[in-house]
**Student:** 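Below is one structure. I have some questions about it.
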Amino acid sequence: MGVDLGSLVPSRTVSVRELSGKVLFFDGNNVLYQFLASIRGRDGTPLKDSRGRVTSHLTGLLYRLANLVEGGVLPVFVWDGKPPEDKLATIQERRERRDAASKAWEKAKEEGDLETARVKAQQASRLSGEMIEQADALLDALGVPSFTAPSEGEAQAALAVPEGEGFASVSQDYDALLFGAPRLVRNLTTTQKRKLPGKDKRVEVKPELIRLERVLEELALTREQLVGVGVLMGTDFNEGIEGIGPKRALDAMQEHGTLTKAAKALDEDAETLELVAEIFLEPDVGDVPDLSWGPVEEEAVVDLLVGEHSFSEDRVRSTVERFSSLDDPSRQGSLEDFF
DNA sequence: CAGGTGTA
DNA sequence: TACACCTGG
């Protein structure tokens, strides 16, 4: 998922406390997918309500947001609209991979191989339109604003982030940087521990802040060149080149300056790669609507989570209390008015 | 993922 | 108090 820039980009750890009072634009689909893939029982089965419908995305959203809002964060969720045409081939491949994982999961479960079952179950995760609707209804009841992007939520979130320290994108994917997000927060959890993929163990992961300006400075690249690095390595929209990882992609862009020249030097189809670069450099985004936080509608949250999805009422009510900081009426209107 | 509980 | 383990839904 996303472009693997981790080994190249400089970052600093950041605490939730430091993010207090800041407006964070969440890549909603990315965040829900993380919950769906990680909030699971021992054999890899996600949490479900009494009717058998998956609830991992709702559990994750409720508790994650409770911590952040309690810490003073002002969240905004951005959902994916229509996938870009260019992405269709990749999406098709992904569907095939998921189907294969799904079959392997069933097989591993039959054979009692729990570890493999868990891994395959995660790979089989899929986020449905219904899950997004449920999550959006929950946000609405909690007083957290959301909107849908024309296309990629990641791109919309990245470009919605104004200049200024009061704002950042939130996603696990480095793609946000290619789309031009001035600041990106990754690993935004409160307990600083995260389950290792596949293992039933947790490892310390601290939230980190990445500044695009700093990345470009450090790597001595323009944003166009950074996109070139990503495209050479492979993104959600293209496969990448065999034998080219972060190091060689960076070297190639530093040496040749443009993606076209680097591609030619590597004997690759420059035209196709430039088309992929265009997705990042000319993303399909729209205007950011006026945003407002609160009030928190406790009864609506209870109806949804307890009535509809079998959550425990006591737990829900006490968690909803933690959203009270959003009831401040000064937090309504357009973004420029906040700071 | 995050909170709660058991154990030393 | 610290941390491994379990549950939630």
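Below, chains carry the letters A, B, ... as their sequence lines are ordered, and counting in each starts from 1.
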**Student:** Is there any salt bridge (Lys or Arg N to Asp or Glu O under 4.0 Å) pair reaching into residues 265-285 of chain A, and which pairs are they, with sequence neighbours excluded?
**Tutor:**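 Listed once each, the pairs would be none.
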
**Student:** Can a side chain N or O of A:Arg40 be found less than 4.0 Å away from OP1 or OP2 on B:dA2?
**Tutor:**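 It does not, given that no N or O in the side chain of A:Arg40 lies less than 4.0 Å from OP1 or OP2 of B:dA2.
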
**Student:** I would like to know whether A:Ser102 and A:Asp99 meet side-chain hydrogen bond (donor to acceptor under 3.5 Å, both in side chains); could you show each step before the answer?
**Tutor:** CA-CA 5 Å; A:Ser102 205; A:Asp99 289 346; 5.9 Å; no

**Student:** Could you state the atom-to-atom distance from CG of A:Leu36 to C1' of C:dG9 in whole Å?
**Tutor:**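 Atom CG in A:Leu36 sits about 13 Å away from atom C1' in C:dG9.
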
**Student:** What residue pairs, at least two apart or across chains, pass salt bridge (Lys or Arg N to Asp or Glu O under 4.0 Å) with a residue in residues 304-328 of chain A?
**Tutor:**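 Sorted pair list: A:Arg53-A:Glu308, A:Glu70-A:Arg322, A:Glu298-A:Arg317, A:Glu299-A:Arg317, A:Glu313-A:Arg317.
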
**Student:** Rounded to whole Å, please give me the gap between CZ in A:Phe311 and P in C:dG8.
**Tutor:**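 A:Phe311 atom CZ is separated from C:dG8 atom P by 12 Å.
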
**Student:** Quick one: A:Phe35 CZ to C:dG8 P, roughly how many Å, whole number?
**Tutor:**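 My rounded result for the distance is 20 Å.
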
**Student:** Does any N or O in the side chain of A:Arg183 come within less than 3.5 Å of the main-chain N or O of A:Leu212, such that one atom is a donor and the other an acceptor?
**Tutor:**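 No, A:Arg183 side chain to A:Leu212 backbone: no donor-acceptor pair under 3.5 Å.
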
**Student:** Suppose the criterion is salt bridge (Lys or Arg N to Asp or Glu O under 4.0 Å): which pairs have a residue in residues 11-35 of chain A, not counting sequence neighbours?
**Tutor:**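 As it turns out, the salt bridge (Lys or Arg N to Asp or Glu O under 4.0 Å) pairs with a partner in residues 11-35 of chain A, which skip direct neighbours, are A:Arg12-A:Glu18.
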
**Student:** Give me the residues of residues 59-73 of chain A where at least one heavy atom lies under 4.0 Å from an atom of DNA chain B, by number, or none.
**Tutor:**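 Of all residues in residues 59-73 of chain A, the ones placing a heavy atom under 4.0 Å from DNA chain B are A:Tyr63, A:Arg64, A:Asn67.
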
**Student:** Separation of A:Arg317 atom CZ from C:dG8 atom P, in whole Å?
**Tutor:**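 Rounded to the whole Å, the gap is 20 Å.
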
**Student:** How close or far is atom C1' of C:dT7 from atom CG of A:Asp43, stated in whole angstroms?
**Tutor:**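 Answer to the nearest Å: 14 Å.
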
**Student:** Only distances under 3.5 Å count here; give the side-chain donor-acceptor pairs of residues 245-258 of chain A to other protein atoms, sequence neighbours excluded, each with its distance to 0.1 Å.
**Tutor:**
unit_1: A:Arg248; atom_1: NH1; unit_2: A:Gly243; atom_2: O; d: 2.8
unit_1: A:Gln254; atom_1: NE2; unit_2: A:Leu219; atom_2: O; d: 2.7
unit_1: A:Thr258; atom_1: OG1; unit_2: A:Lys261; atom_2: N; d: 3.1

**Student:** Which pairs would a plain distance check flag for residues 133-141 of chain A, meaning a side-chain donor or acceptor within less than 3.5 Å of a matching protein atom at least two apart in sequence or in another chain?
**Tutor:**
unit_1: A:Gln134; atom_1: OE1; unit_2: A:His57; atom_2: NE2; d: 2.8
unit_1: A:Asp136; atom_1: OD1; unit_2: A:Trp79; atom_2: NE1; d: 2.8
unit_1: A:Asp136; atom_1: OD1; unit_2: A:Ser146; atom_2: OG; d: 2.6

**Student:** Base, sugar-phosphate or nothing for A:Ser56? Non-hydrogen atoms, less than 4.0 Å.
**Tutor:**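 No contact.
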
**Student:** Just the rounded figure in Å: distance from P of C:dG8 to CZ of A:Arg42.
**Tutor:**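 Answer to the nearest Å: 13 Å.
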
**Student:** Hey, does A:Arg315 reach any base, or is it just sugar-phosphate, or nothing, if we go heavy atoms under 4.0 Å?
**Tutor:**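 Answer is sugar-phosphate: A:Arg315 comes under 4.0 Å of backbone atoms only.
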
**Student:** What's the CD1-P distance between A:Ile39 and B:dA2, to the nearest Å?
**Tutor:**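 Nearest whole value for this atom pair: 8 Å.
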
**Student:** Rounded to whole Å, please give me the gap between CG in A:Leu47 and C1' in C:dT7.
**Tutor:**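 Distance check: A:Leu47 CG to C:dT7 C1' gives 9 Å.
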
